[in-house]
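See structure below.
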Amino acid sequence: MMYGWDGNGITGWIAMALMMLLFWGAVVTVVVLLVRSNHEPSGGRSYGHVPDDAERILNERFARGEIDETELNARRTALRRRT
């Protein structure tokens, strides 16, 4: 006994195919998000080191003469303390 299976259920096959596509799409999406989260910067926050951009900007300002060595060292110390 098939309990309600009428034998001509093409809609059942279509529904099953769509559910399988949704399942594999969800699996691929999760894998892609996990891989991307491991390789992307954490939204500008870095822990354990000074951000390269801030250090580079300080060095450029010092090279152009906008800030002196005392101010360079003070700002560099403040950057490292913040991270």
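Everything numeric here is computed off the predicted structure, so don't read it as measured data.
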Exercise. Return yes when atom CD of E60 has more than 12 non-hydrogen atoms of other residues, nucleotides or ligands closer than 6.0 Å, and no otherwise.
Key: yes
Quiz item: Run the side chain to side chain contact (heavy atoms under 4.5 Å, CB included) check on L21 and M16 step by step: do they pass?
Solution: CA-CA 9 Å; L21 285 173; M16 198 167 33; over 6 Å; no
Quiz item: What pairs with N73 under side chain to side chain donor-acceptor pair (under 3.5 Å), at least two apart in sequence or on another chain?
Solution: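 Counting only residues at least two positions away or on another chain, N73 forms no side chain to side chain donor-acceptor pair (under 3.5 Å).
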Quiz prompt | E55 side chain near R80 side chain, heavy-atom distance below 4.5 Å | solution =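 Yes, their side chains come closer than 4.5 Å.
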Exercise. Could I get the full list of salt bridge (charged side-chain N to carboxylate O under 4.0 Å, His left out) partners for E66, not counting sequence neighbours?
Key: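 With sequence neighbours excluded, E66 shows a salt bridge (charged side-chain N to carboxylate O under 4.0 Å, His left out) to R61, R64, given in chain and number order.
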Quiz item: Other hydrophobic cluster members with L34, side-chain heavy atoms of Ile/Leu/Val/Met/Phe/Trp/Tyr under 4.5 Å, chained?
Solution: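 In the cluster with L34 are V30.
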Quiz item: Would I57 and I67 show up in the same hydrophobic cluster when neighbours are defined by side-chain heavy atoms closer than 4.5 Å?
Solution: no
Quiz item: With hydrophobic residues grouped by side-chain heavy-atom distances under 4.5 Å, do V27 and M20 end up in a single group?
Solution: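 Linked within one cluster.
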Quiz prompt | From CZ (R76) to CZ (F62), nearest 0.5 Å | solution = 8.5 Å
